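Accompanying notes for the structure given below.
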2 protein chains.
Amino acid sequence: MSIQQNILVAVDAVVFGYMNANLHVLLVKRKGSTFHKEWALVGGFVLDDEPLTTAVKRELKEETGVQLDYLEQLYTFGDTVDRDPRSRVISVAYFGLINSSKIVPIGDTDAMEAKWYPVNELPDLAFDHSAILSAALNRLRAKLTYQPIGFDLLPNEFLFSELEQLYVTLLGKDIDRRNFRKKIMSFGFLEETSLFKQKKSGRPAKLFRFNDLKYRELESKGIYFDL
Amino acid sequence: MSIQQNILVAVDAVVFGYMNANLHVLLVKRKGSTFHKEWALVGGFVLDDEPLTTAVKRELKEETGVQLDYLEQLYTFGDTVDRDPRSRVISVAYFGLINSSKIVPIGDTDAMEAKWYPVNELPDLAFDHSAILSAALNRLRAKLTYQPIGFDLLPNEFLFSELEQLYVTLLGKDIDRRNFRKKIMSFGFLEETSLFKQKKSGRPAKLFRFNDLKYRELESKGIYFDL
DNA sequence: ACATTATGCGTAATTTTTACACAAAAGTAA
DNA sequence: TTACTTTTGTGTAAAAATTACGCATAATGT
């Protein structure tokens, strides 16, 4: 078998972070010849002997230094704009989340190269990255309602009101605080800590923790988590 | 930008058909040098200027002559066995369904090259095709419960008992005939025809038809279809 | 005509979801 | 120290959805 192909394989990552009660995406300013100085998703070409997820993590490390808490394959975009005029590129897009307490503020200087953008204040993006980002947003919102994925966007210990706020922000619809709490607690993967957190005013609130082990145990029993 | 890559891009299709009250998969017997005479999914290399779905349809036509009623991207398998020892291959897997009345019996001769296999009597498969098939089965089963995808496996006109049987077979759990019917009918995308079908014995049953337009209208209103 | 097979309904019990209000624990300002 | 504001924490009743369940109808075969 002797196949001659001229298609390049790339990976792109849509990485979401949650800060200031808002969803953010990690973008980098391109330095290459194509789309020079434009904002784009983190990504790049896959090495010959490199697994796809390894490629994603490598690019992420090289370009931003960020480490992921959640990563899954999103979709493969193959019928799109070329990166290099001489060759077609197909891009395997990934979708990642990062724990908000691990977020390193980057790109606040003038010589910035990577930056967290609020999803409702996005700049124009290079390539078809707007389409990829849009697909990732849909996936995130859909997944949020049947998989406890929101915890990967919060710090390890968080207030119930923060969790609630996250859902309100990402799903864009109101939640009844009491019913929400009842539902989440009924799943059994959240545990109270002995810690409290005091805001500027109001009653101090318990901090909660997501018990990943417990979650996996429940999941393996085929239990569903509809919100 | 001058990238030298040695990765080949292929597509593979897991095509499901439903016949004799059983789910089947379309397999082909390989003729190439690698995995010669072994059974495999339909697939092949993507042409340089060819969209991915076009490649899937082309391979399908070339190798089996089958036309699809439903096609969606499944997953990209990239960390797997090489097809060609000289190069790495990543494969974008697709997932397709075919209307059971369009199924052409193939491969019943001795010189067969393509064949419908019942999913519970599968032969060993070439490459990592077992893993791909398994992912497709999971996707099919999951999707069946929130999207009216089962109709693409049935003839245009079908009995309610056939639809019910399909769900029982694919989901592997019992269904209350009356509740099932109520639920499906409540969605509003099934319509009665004036036709009847007579089995060997028993009361003749109405034939139903899936109204795709109506479905899309409902779907665009954001209505969900949980089973 | 009688037994057998499969279709086509309707209603009551149970479970899940939704709606809704008030007390408790802090800070702040008079 | 008291009154006011802010935020957390909980329970119950109404409504909706799901589940369980039985019997009449329309054919075939003997």
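Only a predicted model underlies this, so the values are computations on that prediction, with no experimental measurement involved. To find a chain, count down the sequence lines: A is the first, B the second, and so on, and within it residues start at 1.
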Rounded to the Å, how far apart are [X] [atom1] and [N] [atom2]?
{"X": "A:L207", "N": "D:dT8", "atom1": "CG", "atom2": "P", "value": "11 Å"}
{"X": "B:Q165", "N": "C:dT7", "atom1": "CD", "atom2": "C1'", "value": "15 Å"}
{"X": "B:R177", "N": "C:dT7", "atom1": "CZ", "atom2": "P", "value": "7 Å"}
{"X": "B:D226", "N": "C:dT17", "atom1": "CG", "atom2": "C1'", "value": "14 Å"}
{"X": "A:F225", "N": "C:dT16", "atom1": "CZ", "atom2": "C1'", "value": "17 Å"}
{"X": "A:D176", "N": "D:dT10", "atom1": "CG", "atom2": "P", "value": "15 Å"}
{"X": "B:F160", "N": "C:dC9", "atom1": "CZ", "atom2": "P", "value": "10 Å"}
{"X": "B:Q198", "N": "C:dT5", "atom1": "CD", "atom2": "P", "value": "15 Å"}

> Within less than 4.0 Å of OP1 or OP2 of D:dT7, is there a side-chain N or O belonging to A:S201?
Replying inline: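 So the side chain of A:S201 is outside the cut-off, no N or O lying under 4.0 Å from OP1 or OP2 of D:dT7.
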
> Start at the 5' end of DNA chain D and walk down; is the nucleotide closest to B:R178 or to B:K183 reached first?
Replying inline: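 Nearer the 5' end of the strand: B:K183.
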
>> On DNA chain D, does the nearest nucleotide to B:K200 precede the nearest nucleotide to A:F208 from the 5' side, or the other way round? Give the residue.
In response: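 It is A:F208 whose nearest nucleotide is closer to the 5' end.
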
> Would you call the rings of A:H129 and A:F127 parallel, tilted or perpendicular, where under 30° means parallel and over 60° means perpendicular?
Replying inline: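 Rings of A:H129 and A:F127: tilted, 30 to 60°.
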
> Cation over ring, A:R181 on A:F160, under 6.0 Å and within 45°?
Replying inline: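 So A:R181 does make the cation-pi contact.
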
>> What contact category does B:R181 fall into here, base, sugar-phosphate, or nothing, at under 4.0 angstrom with non-hydrogen atoms?
In response: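 The residue B:R181 makes sugar-phosphate contact but no base contact.
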
>> At 4.0 Å (heavy atoms only), tell me whether B:K182 reaches a base, stays on the sugar-phosphate, or touches nothing.
In response: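 Touches a base.
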
> In terms of the nearest nucleotide of DNA chain C, which residue is placed more toward the 5' end: A:P204 or A:N179?
Replying inline: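 Going by which nucleotide is closer to the 5' end, it is A:N179.
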
> Which residue, B:K206 or A:R203, contacts DNA chain C at a nucleotide closer to its 5' end, judged by nearest heavy atom?
Replying inline: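 On the 5' side of the pair lies B:K206.
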
> If you measure only the distance, is there a donor-acceptor pair under 3.5 Å linking the side chains of A:D152 and A:N99?
Replying inline: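 The criterion, which ignores hydrogens and geometry beyond distance, is not satisfied for A:N99 and A:D152.
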
> Is the count of non-hydrogen atoms from other residues, nucleotides or ligands lying under 6.0 Å from B:N120 atom CG greater than 12?
Replying inline: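 More than 12 heavy atoms, drawn from other residues, nucleotides or ligands, come within 6.0 Å of this atom.
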
> Step by step, would you call A:Y70 with A:E72 a side chain to side chain donor-acceptor pair (under 3.5 Å)?
Replying inline: CA-CA 7 Å; A:Y70 181 90; A:E72 73 169 35; 2.5 Å; yes

